[in-house]
Every structure is written in C-alpha cells, then in structure tokens.
Amino acid sequence: MPTIPVRRSPRISGGSKVAGQTVSRNEIGVSTPSKRKIRSDSTTEDNVVTSTLTPSPMEISPCKWKSPRRCVNDSPKSPLNANRGDKTINLSKSPVKRRLSESFLEKPIWNPRDMEQLNAVKEALHVSRAPSNLVCRQVEQNRVLEFCKQAVKIEKAGSLYVCGCPGTGKSLSMEKVKEVLVNWADESGFQAPDILSVNCTSLSNTSDIFGKMLDKIQPRRKLNCSTAPLQYLQKMFSEKQQPAGTKMLLIVADELDYLITKDKVVLHELFMLTTSPFSRFILIGIANAIDLADRFLPKLQSMNCKPAVITFCAYSKDQIISILQQRFEAFPYTVFQPQALELCARKVASASGDMRKALWVCRSAIEMLEAEIRDSISSLDLPSLHGRVSYQHRDGACDKSPIHESNVVRVDHVAIALSKAYRSPVVDTIQSLPQHQQIILCSAVKLFRGKKKDATIGELNISYLDVCKSTLIPPVGIMELSSMCRVLGDQGILKVGKAREEKLSRVTLKVDEADITFALQGIRFFRNCLQQV
C-alpha cells in the first residue's frame, strides 16, 4: 500500500504522529491535537518506538479506553475490558464494610421461595428474638455488672439509673446482666440476690411496686389493713438489721418514668429505700429521659444520694451493621446485598439509631421481595396467546428456576421500606413546600439547635439570609418572609405570635426537627446546610 504523507492529525486510532516522518496508515496511526497537547515529548517518543516495534492492544482488538473513575485499581490507560473476567470487587477500607462484602462473596444466595428459609430469616429479624451475645454494648454491660458485683460483695444497697434513646439495648442488656450476675455469685461463693423485674407500664397503680417488692422479700406474710407496703418496708429497713443469710434484692424497674406523679412521691420513696440504714435493695431504673434524676429527684441530690447514671448512646451505622451481621451469621446463605444493609444502617443511624427500627425495615424489605416473587409466579397463570399454560409446566418452571442475584434483598427494597418506616404527613408536607419555605424551615432548625426554643422573625430573617448567601440564592424581603411564616403557621409547621412590629413576632417550631431533617436530607443543598454547625 502506498504511504501517505501526514499534514494534519486526523482522528485515526492506534498510533501517534511524529513530525518529519512519513508513516503507513496501517503501521502507525495518528493522534489528535488534544491528545498531543496532554502528552509530554518524552512520552510521545516512547510511544512511537513502542508502537513501531510491537503492535498496540488497540490494533489487536479495537476498544474504547477506560475512564480512571470506573475502576480504582486500574490506570487511566487500562482498557475497558481488561478486568472484565475478574469478579473480584474493590472492598472498602472500613473493616465493617469489608467483612460485610466478604460474607456476601463467601456464602451462596438464598432461595426466598423456600418457606423454611424465609421463615427462619424472618424469625431471626424479629424484635423479640434475643441474641445469645449482645454486641456493641459490652462497655455498658460491664459497668452495670461491676456496680451489682460491688453491692453484692459488701452487701450494701445502691441505686443506678440507666437511660438512653429507645431501641439502644437497655432492657436487653439488663437481662444479660442478671444472668451473668447469678452465675458469677455461684462461682465466687457469694449469695446470689433475688431478682425482681417490673415493667412499670403494667402497674395499675404506681404504688403497687412496693407491694411487689414486699411479696418478693416475704411472700407469705400478711399485712394489716392499716399498714401500707411502703410503710412496712421503711420500718423494716430503718429500725432493725436483717438476720444473717438474708438475700439481697435486685430490682430492675423498666419504663421508670411511668412512676412519675404530680407530687413525685412514689419515685422519690423508691430511691430513698436504698438509702435506709439496713436496706438490702439494689435498684436499677431504666427510662429514656437522660435528665430524669435531675428533674424529679432533687432531694436525693441535696442529700448526696443521687443514683449513678449510665447512658446508652444511639447505635452508629457500623454498630447497626455488626448487629445485623450477627443475626445472619448462623445462616449458610446470603439474604441481603451489602449495599442494602449499609443503606438501612446509614438511614436508621442518622434518623434515630433505633435498632428495633432497623430490624423492622429489614423484615419489611424481605416482605417486598416475597411479594415481588409472588407476583412473578402468578404471572405464569395468565393465559398466553395460544392457550393456557398447563399447571404441570408452570410448576416445573418454578422448581427449575435458577437461583440468581435477583433473589437477594436489594437496595430498592430497603429504600421503599425506609420510606414507609419514616414517612409521615409532616414529611410529605415539608417535601412539597416551595423552595424558599423549605429554606425558612432549614434556617429555623439551625437557629433552634441550641437551648433556644423561639426567636423573632427578625432573628429568623438573619439566619435565612445567611443560608441564601451561602448558596447564592436571591433572598426575599422580610415582609414576604413574614407572610411565608404565616403560611407555614396555617399548615401547623410553625407557630407565629403577634406583635406591634412584624419583625418582633415570635416564631416557634411546632414539628420535630428530626422530621424536617429527614424530609430535606435527600437534597444535597439542604443536607450540607443542616450538617454545618
């Protein structure tokens, strides 16, 4: 073939252009001006020599070059199909994510059409199913256990208050502590305490808890009608010492805030029993409120008898993933995509950190996969163009259907379950608002993050202007902002007071800040704004 002198750099793949040379179109291609500008002179010369001596991969099999963003491990010059046959995935640097991905690769995918497997997974995700070992709460359990051990060793009464958000493992940890405490006492030669567990919501009267305590200490004793259980307990532990060999009593009072009355007598006297001279009570109260002891037991603080406080923090994303992995580790198959479990953990951790909510979301996602498979099977019942499909053929098709990755719970199933779990009319209303009204709510959340509960429209306008300035959105005037606050007030989102001047009117949020955060977190602008301190 005749050679062609190169005057320009036409777009011919497979080689490079060198000035002052006449090259064959089949031997060496020509690069574009943009590529020539990016390359250095040395690189260009090396490429010319290499392409002249050996054929390039592009000449062997023409294919597109791969973007460096498509694979972290490849170089920008790697071909697109270089690792097409390699099924290894790029694991995350996080140890929790790495274990999650490794477990997904090691186990085969489950068969959700198998009712035995389906029921076993649902049962494992049920809230009432207590795991054999409670992970991510060892520190809190050890603190409670050491408190109880010390009280049993020296036979001295004491009180402890356990608090934290709902679904953070408080009650479950106390069950584990009771079991370990009894085993420790038997092995160490100490007398194991009697244990009384009371859920205060089950009491018809708040003072009934004293009757339950007395029945546990002296089950066969009959009281006079004039003597109340509380008075009898106070007399018993203040006037005489208990005989040798009397067991201590560990009282675990769950939902302790249900004992709060107007005069706070029941709650106060319950903790005061642990301060009596001859008391043998170990009281552990459980509730959600962190400041319950400060608000409702001020006398105990003045008497230097305030109970010790142990706080259970909300579960983080990695902790939720670890707990879910623990629930699935007994199964020899994979149920969830790693990305689906991570999405569930991330959303629940950012919203509340409630593990019970995470378990509910996982069960709901499995039910969606189950409904999806049921619909695909029922579609076989539909008549075809040439007649009905026989039941024998349909059953055979279902039995021989391959088990592939579409049978795992995917990200879309978890996303729908999350929207159901956290969906509320307030969230729907906020998401349907105009942009500037959403900015006002975002500004109010930032303004009220401290101890401040209300502000004037003038103060809200300053926060609103800051948000608009940071995002280059033209703000509205203060009068228009005031009218939009009134509109939000009509929808029950804000409460706007009255004043002589419009900018002095007080504004208060009437909805939970978490609802506003959840409703706006899908938009990057609001998510970044709400994350700023």
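Side chain of Gln337 to backbone of Val409: no donor-acceptor contact under 3.5 angstrom is found. Under a 3.5 Å cut-off, the side chain of Lys170 and the backbone N or O of Ala287 do not form any donor-acceptor pair. Using a distance-only test at 3.5 Å, with no hydrogens or angles considered, no donor-acceptor pair links the side chain of Asp515 to the main chain of Val511. Panel note: side chain Gln117, backbone Pro112; no donor-acceptor pair is recorded below 3.5 Å. With hydrogens and angles ignored, the 3.5 Å screen pairs a side-chain donor or acceptor of Ser322 with a backbone N or O of Asp318. Judged by distance alone, with hydrogens and angles left aside, the side-chain atoms of Thr429 form a donor-acceptor pair with the main-chain N or O of Pro425 at under 3.5 Å. At distances below 3.5 Å, at least one donor-acceptor pair connects side-chain atoms of Ser463 with backbone N or O atoms of Ser443. Between the Ser376 side chain and the Ile373 main chain, a donor and an acceptor come within less than 3.5 Å of each other. A donor-acceptor contact shorter than 3.5 Å links the side chain of Arg327 to the backbone of Ala124. Judged by distance alone, the side chain of Gln319 and the main-chain N or O of Ser316 form a donor-acceptor pair under 3.5 Å.
Here Asp254 contributes atom CG and Met174 contributes atom CE; the two are 9.5 Å apart, rounded to the nearest 0.5 Å. To the nearest 0.5 Å, the span separating CD1 on Ile286 from CG on Leu256 amounts to 9.0 Å.
A 4.5 Å side-chain heavy-atom check between Leu341 and Phe328 finds at least one atom pair inside the cut-off. Between Cys163 and Phe312, the closest side-chain pair of non-hydrogen atoms is not below 4.5 Å. Within the 4.5 Å cutoff, the side chain of Leu283 has no heavy atoms near those of the Leu160 side chain. Residues His126 and Leu359 fail the side-chain proximity criterion, which asks for heavy atoms closer than 4.5 Å. With contacts defined as side-chain heavy-atom distances shorter than 4.5 Å, the pair Tyr161/Leu292 qualifies. Ile430 is listed as a side-chain neighbour of Leu520, based on a closest heavy-atom distance under 4.5 Å. Contact annotation: the side chain of Ile321 never approaches that of Ile323 to less than 4.5 Å [non-hydrogen atoms, C-beta and beyond].
Ion pair Glu140/Arg137 flagged as a salt bridge, since at least one NZ, NE, NH1 or NH2 atom sits closer than 4.0 Å to an Asp/Glu carboxylate oxygen. Ion pairing of Glu367 with Arg374 is absent here, as no side-chain N (NZ or NE/NH1/NH2) approaches a carboxylate O to less than 4.0 Å.
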(message) Pair Val348, Leu418 - check side-chain contact (heavy atoms from CB on, under 4.5 Å), show working.
(response) CA-CA 8 Å; Val348 172; Leu418 284 167; 4.2 Å; yes
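Minimum heavy-atom separation, Ala365 to Phe336: CB-CE2, 4.3 Å. Contact between Leu181 and Pro193 at its shortest, heavy atoms only, is CD2-CG, 4.0 Å.
Heavy atoms from other residues, nucleotides or ligands lying under 6.0 Å from NZ of Lys212 number 12 at most. Summarising the local packing, CZ of Phe525 is surrounded by more than 12 heavy atoms from other residues, nucleotides or ligands at distances under 6.0 Å.
In the model, Lys178 has a side-chain atom that pairs as donor or acceptor with a side-chain atom of Ser197 under 3.5 Å. If you check the side chains of Asn199 and Thr201, you find a donor sitting under 3.5 Å from an acceptor.
Of the residues Lys510, Lys495, Arg506, the one that meets the salt bridge (charged side-chain N to carboxylate O under 4.0 Å, His left out) test with Asp454 is Arg506. If you run side-chain hydrogen bond (donor to acceptor under 3.5 Å, both in side chains) between Glu370 and each of Lys122, His413, Arg113, only Lys122 comes through.
Between His436 and Tyr464, the ring planes are tilted. Angles from 30° to 60° get that label. Using bins of under 30°, 30° to 60° and over 60° for the plane-to-plane angle, the ring pair Phe331/Tyr333 lands in the parallel bin.
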